[in-house]
Amino acid sequence: MAKGNHPDRKKCMEYLEAYGTPSHVIGHCKSVAAVACRLGEALNNAGGTLAGSFSSIRMKEFTREDGRTAYVQDHSFDTCRTEPRLFDIELIRASGLLHDMARVEERHWDVCADWCRDMGYPEEEQIIRVHMMYQYTNDAAHLTEADLVSLGDRLSLEDHYAGLDLRMDYIIKKAERHGAPGAREAILKRKEETRKLLEAIEHRIGMTIDELMKDIDYEN
(Lines give C-alpha, C1' and ligand atoms only; values in the text may rest on other atoms or scores of the structure.)
Protein backbone atom coordinates (compact mmCIF):
# COMPACT_ATOMS: atom_id res chain seq x y z
CA MET A 1 0.00 0.00 0.00
CA ALA A 2 1.03 3.57 -0.59
CA LYS A 3 1.05 6.05 2.28
CA GLY A 4 -2.40 6.99 3.52
CA ASN A 5 -3.66 3.45 2.86
CA HIS A 6 -4.25 4.09 -0.82
CA PRO A 7 -3.89 1.09 -3.16
CA ASP A 8 -0.88 1.51 -5.43
CA ARG A 9 -1.07 1.21 -9.22
CA LYS A 10 -0.30 -2.52 -9.25
CA LYS A 11 -3.01 -3.25 -6.69
CA CYS A 12 -5.55 -1.10 -8.57
CA MET A 13 -4.84 -3.00 -11.79
CA GLU A 14 -5.36 -6.27 -9.92
CA TYR A 15 -8.70 -4.98 -8.61
CA LEU A 16 -9.84 -3.98 -12.11
CA GLU A 17 -8.92 -7.36 -13.57
CA ALA A 18 -10.51 -9.30 -10.71
CA TYR A 19 -13.71 -7.25 -10.98
CA GLY A 20 -13.97 -8.04 -14.66
CA THR A 21 -13.81 -4.43 -15.86
CA PRO A 22 -13.77 -4.43 -19.70
CA SER A 23 -10.41 -3.63 -21.30
CA HIS A 24 -11.66 -0.44 -22.98
CA VAL A 25 -12.91 0.85 -19.63
CA ILE A 26 -9.56 0.04 -18.04
CA GLY A 27 -7.95 2.10 -20.80
CA HIS A 28 -10.19 5.01 -19.86
CA CYS A 29 -9.36 4.64 -16.18
CA LYS A 30 -5.65 4.75 -17.02
CA SER A 31 -6.16 7.96 -18.96
CA VAL A 32 -8.13 9.67 -16.19
CA ALA A 33 -5.50 8.71 -13.62
CA ALA A 34 -2.62 9.88 -15.81
CA VAL A 35 -4.24 13.23 -16.65
CA ALA A 36 -5.29 13.90 -13.05
CA CYS A 37 -1.85 12.98 -11.69
CA ARG A 38 -0.10 15.24 -14.18
CA LEU A 39 -2.36 18.11 -13.13
CA GLY A 40 -1.59 17.38 -9.48
CA GLU A 41 2.16 17.21 -10.06
CA ALA A 42 2.17 20.48 -12.01
CA LEU A 43 0.14 22.22 -9.31
CA ASN A 44 2.43 20.81 -6.62
CA ASN A 45 5.35 22.35 -8.50
CA ALA A 46 3.42 25.63 -8.47
CA GLY A 47 2.88 25.50 -4.71
CA GLY A 48 0.07 23.01 -4.09
CA THR A 49 -3.30 23.96 -2.61
CA LEU A 50 -4.66 25.92 0.34
CA ALA A 51 -7.44 23.36 0.86
CA GLY A 52 -7.09 21.23 3.97
CA SER A 53 -6.36 17.53 3.87
CA PHE A 54 -8.94 15.71 1.80
CA SER A 55 -10.01 13.60 4.78
CA SER A 56 -11.34 16.78 6.45
CA ILE A 57 -13.57 17.74 3.49
CA ARG A 58 -17.14 16.52 2.99
CA MET A 59 -19.36 16.46 -0.07
CA LYS A 60 -22.73 18.22 0.07
CA GLU A 61 -25.67 17.36 -2.15
CA PHE A 62 -27.63 20.07 -3.95
CA THR A 63 -30.26 20.17 -6.67
CA ARG A 64 -29.23 21.61 -10.03
CA GLU A 65 -31.41 23.78 -12.23
CA ASP A 66 -32.37 20.72 -14.26
CA GLY A 67 -33.62 18.97 -11.12
CA ARG A 68 -30.76 16.46 -10.91
CA THR A 69 -28.74 15.86 -7.77
CA ALA A 70 -25.14 17.07 -7.84
CA TYR A 71 -22.36 17.52 -5.31
CA VAL A 72 -20.16 20.35 -4.15
CA GLN A 73 -17.37 20.34 -1.60
CA ASP A 74 -18.26 21.42 1.92
CA HIS A 75 -15.22 23.00 3.55
CA SER A 76 -16.96 23.75 6.85
CA PHE A 77 -15.03 20.94 8.52
CA ASP A 78 -11.84 21.88 6.71
CA THR A 79 -8.90 23.14 8.73
CA CYS A 80 -8.10 26.69 7.64
CA ARG A 81 -4.64 26.85 6.13
CA THR A 82 -2.26 29.76 5.74
CA GLU A 83 0.39 27.58 4.12
CA PRO A 84 -0.25 25.35 1.09
CA ARG A 85 -0.10 21.57 1.15
CA LEU A 86 0.82 19.25 -1.68
CA PHE A 87 -1.81 17.21 -3.48
CA ASP A 88 -1.88 13.52 -2.54
CA ILE A 89 -0.81 12.00 -5.85
CA GLU A 90 -1.36 8.43 -4.64
CA LEU A 91 -4.98 9.24 -3.74
CA ILE A 92 -5.47 10.86 -7.15
CA ARG A 93 -3.96 7.88 -8.97
CA ALA A 94 -5.99 5.28 -7.06
CA SER A 95 -9.27 7.20 -7.47
CA GLY A 96 -8.66 7.73 -11.17
CA LEU A 97 -7.82 4.09 -11.81
CA LEU A 98 -10.82 2.78 -9.87
CA HIS A 99 -13.46 5.41 -10.67
CA ASP A 100 -15.17 3.44 -13.48
CA MET A 101 -14.38 -0.07 -12.29
CA ALA A 102 -18.11 -0.93 -12.25
CA ARG A 103 -19.11 1.14 -15.31
CA VAL A 104 -21.19 -1.69 -16.83
CA GLU A 105 -23.53 -1.61 -13.79
CA GLU A 106 -26.35 0.82 -13.05
CA ARG A 107 -25.24 3.78 -10.92
CA HIS A 108 -21.70 2.52 -11.32
CA TRP A 109 -20.34 5.41 -9.25
CA ASP A 110 -22.26 4.25 -6.17
CA VAL A 111 -21.40 0.58 -6.78
CA CYS A 112 -17.70 1.40 -6.99
CA ALA A 113 -17.83 3.83 -4.07
CA ASP A 114 -19.50 1.19 -1.89
CA TRP A 115 -16.79 -1.26 -2.93
CA CYS A 116 -14.07 1.22 -1.90
CA ARG A 117 -15.81 1.78 1.44
CA ASP A 118 -15.97 -1.95 2.09
CA MET A 119 -12.29 -2.33 1.14
CA GLY A 120 -11.23 0.39 3.57
CA TYR A 121 -10.56 3.25 1.14
CA PRO A 122 -12.81 6.05 2.46
CA GLU A 123 -11.17 8.90 0.55
CA GLU A 124 -11.39 7.04 -2.76
CA GLU A 125 -15.01 6.28 -1.87
CA GLN A 126 -15.82 9.95 -1.47
CA ILE A 127 -14.18 11.01 -4.75
CA ILE A 128 -15.69 8.19 -6.81
CA ARG A 129 -19.21 8.63 -5.44
CA VAL A 130 -19.41 12.22 -6.66
CA HIS A 131 -17.37 12.16 -9.86
CA MET A 132 -20.35 11.92 -12.24
CA MET A 133 -22.24 14.94 -10.88
CA TYR A 134 -19.50 17.09 -9.43
CA GLN A 135 -19.33 20.88 -9.29
CA TYR A 136 -15.83 22.28 -9.00
CA THR A 137 -14.72 24.88 -6.53
CA ASN A 138 -14.50 28.29 -8.19
CA ASP A 139 -11.23 29.02 -6.39
CA ALA A 140 -8.17 27.60 -8.15
CA ALA A 141 -6.12 28.08 -4.98
CA HIS A 142 -8.38 25.67 -3.04
CA LEU A 143 -8.59 22.72 -5.41
CA THR A 144 -8.67 19.24 -3.96
CA GLU A 145 -7.98 15.76 -5.22
CA ALA A 146 -11.67 15.39 -6.14
CA ASP A 147 -11.41 18.37 -8.49
CA LEU A 148 -8.42 16.88 -10.26
CA VAL A 149 -9.93 13.41 -10.71
CA SER A 150 -13.12 14.96 -12.08
CA LEU A 151 -11.06 17.14 -14.42
CA GLY A 152 -9.13 14.08 -15.57
CA ASP A 153 -12.45 12.45 -16.46
CA ARG A 154 -13.72 15.50 -18.35
CA LEU A 155 -10.51 15.81 -20.35
CA SER A 156 -10.22 12.12 -21.33
CA LEU A 157 -11.98 10.58 -24.30
CA GLU A 158 -11.94 6.84 -23.67
CA ASP A 159 -8.24 5.88 -23.39
CA HIS A 160 -6.47 9.19 -24.10
CA TYR A 161 -6.30 12.88 -23.30
CA ALA A 162 -8.54 14.73 -25.74
CA GLY A 163 -9.08 18.15 -24.19
CA LEU A 164 -12.29 19.81 -23.10
CA ASP A 165 -13.88 20.54 -26.49
CA LEU A 166 -13.65 17.02 -27.92
CA ARG A 167 -14.72 15.41 -24.65
CA MET A 168 -17.77 17.63 -24.17
CA ASP A 169 -18.83 17.27 -27.81
CA TYR A 170 -18.72 13.49 -27.28
CA ILE A 171 -20.84 13.78 -24.12
CA ILE A 172 -23.44 15.93 -25.90
CA LYS A 173 -23.76 13.51 -28.82
CA LYS A 174 -23.98 10.57 -26.43
CA ALA A 175 -26.77 12.25 -24.44
CA GLU A 176 -28.70 13.02 -27.62
CA ARG A 177 -28.34 9.44 -28.86
CA HIS A 178 -29.86 8.28 -25.57
CA GLY A 179 -32.90 10.53 -25.98
CA ALA A 180 -31.85 13.49 -23.86
CA PRO A 181 -31.68 16.40 -26.31
CA GLY A 182 -32.30 18.89 -23.52
CA ALA A 183 -29.00 17.93 -21.92
CA ARG A 184 -27.03 20.08 -24.36
CA GLU A 185 -27.65 23.35 -22.50
CA ALA A 186 -26.65 21.90 -19.12
CA ILE A 187 -23.54 20.26 -20.57
CA LEU A 188 -22.47 23.46 -22.30
CA LYS A 189 -22.89 25.35 -19.02
CA ARG A 190 -20.67 22.86 -17.21
CA LYS A 191 -18.21 23.09 -20.08
CA GLU A 192 -17.80 26.83 -19.62
CA GLU A 193 -17.41 26.43 -15.85
CA THR A 194 -14.71 23.87 -16.50
CA ARG A 195 -13.00 26.08 -19.06
CA LYS A 196 -12.72 28.94 -16.57
CA LEU A 197 -11.15 26.62 -14.01
CA LEU A 198 -8.70 25.25 -16.57
CA GLU A 199 -7.69 28.78 -17.52
CA ALA A 200 -7.02 29.55 -13.85
CA ILE A 201 -4.90 26.40 -13.58
CA GLU A 202 -2.99 27.36 -16.73
CA HIS A 203 -2.24 30.74 -15.18
CA ARG A 204 -0.87 29.06 -12.06
CA ILE A 205 1.34 26.51 -13.81
CA GLY A 206 2.52 28.82 -16.59
CA MET A 207 1.51 26.67 -19.55
CA THR A 208 -1.57 25.44 -21.37
CA ILE A 209 -3.20 22.16 -20.43
CA ASP A 210 -2.44 20.84 -23.92
CA GLU A 211 1.25 21.62 -23.39
CA LEU A 212 1.17 19.94 -19.99
CA MET A 213 -0.35 16.76 -21.41
CA LYS A 214 2.15 16.45 -24.26
CA ASP A 215 3.83 13.02 -24.29
CA ILE A 216 1.73 11.86 -21.30
CA ASP A 217 2.49 8.33 -20.08
CA TYR A 218 -0.69 6.36 -19.40
CA GLU A 219 1.16 3.43 -17.83
CA ASN A 220 2.57 5.28 -14.78
Side-chain angles (χ1 to χ4, degrees), residues 2-4 6 8-9 28-57 59 71-73 75 78-97 99 123-124 126-128 130-131 134-171 188-220:
K3 64 180 180 179
H6 307 306
D8 61 20
R9 180 183 178 82
H28 172 68
C29 291
K30 288 180 179 180
S31 178
V32 171
V35 171
C37 284
R38 184 157 288 195
L39 285 168
E41 289 161 355
L43 286 165
N44 279 347
N45 290 335
T49 179
L50 288 172
S53 63
F54 190 74
S55 60
S56 68
I57 297 167
M59 295 296 173
Y71 299 87
V72 67
Q73 292 184 105
H75 287 267
D78 189 0
T79 302
C80 295
R81 299 182 64 87
T82 56
E83 296 294 329
R85 69 170 177 89
L86 297 181
F87 288 96
D88 187 337
I89 301 299
E90 296 306 317
L91 170 59
I92 293 171
R93 179 177 291 110
S95 299
L97 286 172
H99 81 285
E123 292 173 295
E124 285 82 356
Q126 187 169 200
I127 291 173
I128 290 168
V130 305
H131 83 271
Y134 182 67
Q135 180 168 310
Y136 305 110
T137 176
N138 58 8
D139 183 352
H142 285 79
L143 295 169
T144 70
E145 289 78 0
D147 292 297
L148 301 191
V149 173
S150 184
L151 280 171
D153 199 20
R154 294 191 191 181
L155 295 173
S156 293
L157 182 54
E158 291 305 336
D159 63 353
H160 63 281
Y161 167 79
L164 184 63
D165 289 334
L166 288 177
R167 170 64 171 171
M168 291 297 101
D169 287 347
Y170 169 81
I171 294 297
L188 289 175
K189 181 179 179 181
R190 294 203 301 275
K191 177 181 177 179
E192 289 312 304
E193 292 171 351
T194 304
R195 190 185 303 281
K196 290 178 182 178
L197 179 56
L198 291 174
E199 289 173 351
I201 291 173
E202 289 175 337
H203 179 74
R204 285 197 62 197
I205 65 178
M207 68 177 73
T208 68
I209 302 299
D210 285 345
E211 290 170 336
L212 178 64
M213 298 302 163
K214 185 178 179 180
D215 301 323
I216 189 169
D217 184 357
Y218 300 108
E219 298 300 326
N220 289 304

Checklist entry - Residues two or more places apart in sequence or in another chain: which of them pass salt bridge (Lys or Arg N to Asp or Glu O under 4.0 Å) with Arg195? => result Asp165, Glu192

Checklist entry - Is Val149 close to Ile128 at the side-chain level, that is, under 4.5 Å between some pair of heavy atoms? => result no

Checklist entry - Distance-only, no hydrogens or angles: does the Asp147 side chain make a donor-acceptor pair with backbone N or O of Thr144 under 3.5 Å? => result yes

Item to check | Value rounded to 0.5 Å, distance of CZ in Arg167 from CG in Leu151 | outcome: 12.0 Å

Item to check | Check: Leu143 and Leu197 side chains under 4.5 Å, non-hydrogen atoms | outcome: yes

Next on the checklist: Quick one, Leu39 and Phe87 - any side-chain contact, counting heavy atoms below 4.5 Å?
Outcome noted: no

Checklist outcome for this item: Minimal heavy-atom distance between Ala141 and Thr49, with the atoms involved, is O-OG1, 3.3 Å

Checklist entry - Taking the side chain as C-beta and beyond, is there a heavy-atom pair between Ile171 and Met168 under 4.5 Å? => result yes

Checklist entry - Is there side-chain contact between Lys30 and Asp159, with heavy atoms separated by less than 4.5 Å? => result no

Checklist entry - Nearest heavy-atom pair of Ser31 and Tyr161: which atoms, and what distance? => result OG-N, 3.6 Å

Checklist entry - Can you name the closest pair of heavy atoms from Gly48 and Pro84 and give their distance? => result C-CB, 4.5 Å

Item to check | Non-hydrogen side-chain atoms of Leu148 and Leu43 separated by less than 4.5 Å | outcome: yes

Next on the checklist: To the nearest 0.5 Å, what is the distance between CG on Leu188 and CZ on Arg190?
Outcome noted: 9.5 Å

Checklist entry - Are the side chains of Arg9 and Glu219 in touch, meaning some heavy atoms are under 4.5 Å apart? => result yes

Checklist outcome for this item: Smallest heavy-atom separation, Ala51 atom then His142 atom, equals CB-O, 3.7 Å

Checklist outcome for this item: Output for pair (Met207 CE, Leu212 CG), nearest 0.5 Å, gives 6.0 Å

Checklist outcome for this item: Taking every heavy atom of Leu157 against every heavy atom of Tyr170, the minimum-distance pair comes out as CD1-CG, 3.4 Å

Checklist entry - Is there a donor-acceptor pair under 3.5 Å between the side chain of Arg154 and the backbone N or O of Lys191? => result no

Checklist entry - If you round to the nearest 0.5 Å, how far is CG of Leu97 from SG of Cys37? => result 7.5 Å

Item to check | ring-ring contact (aromatic ring centres under 6.0 Å, His included) pairs, two or more places apart, involving residues 28-52 | outcome: His28-His99

Checklist outcome for this item: Val32 and Ser156 have their tightest heavy-atom pair at N-OG, 3.7 Å

Next on the checklist: Rounded to the nearest 0.5 Å, what separates atom CD1 in Ile92 from atom CD in Glu124?
Outcome noted: 11.0 Å

Checklist entry - With sequence neighbours left out, what residues match Arg38 under salt bridge (Lys or Arg N to Asp or Glu O under 4.0 Å)? => result none

Checklist entry - Using 4.0 Å as the upper bound for N to carboxylate O, is an ion pair formed by Arg93 and Asp8? => result no

Checklist entry - Taking C-beta and beyond as the side chain, do Glu145 and Glu123 meet within less than 4.5 Å on heavy atoms? => result no

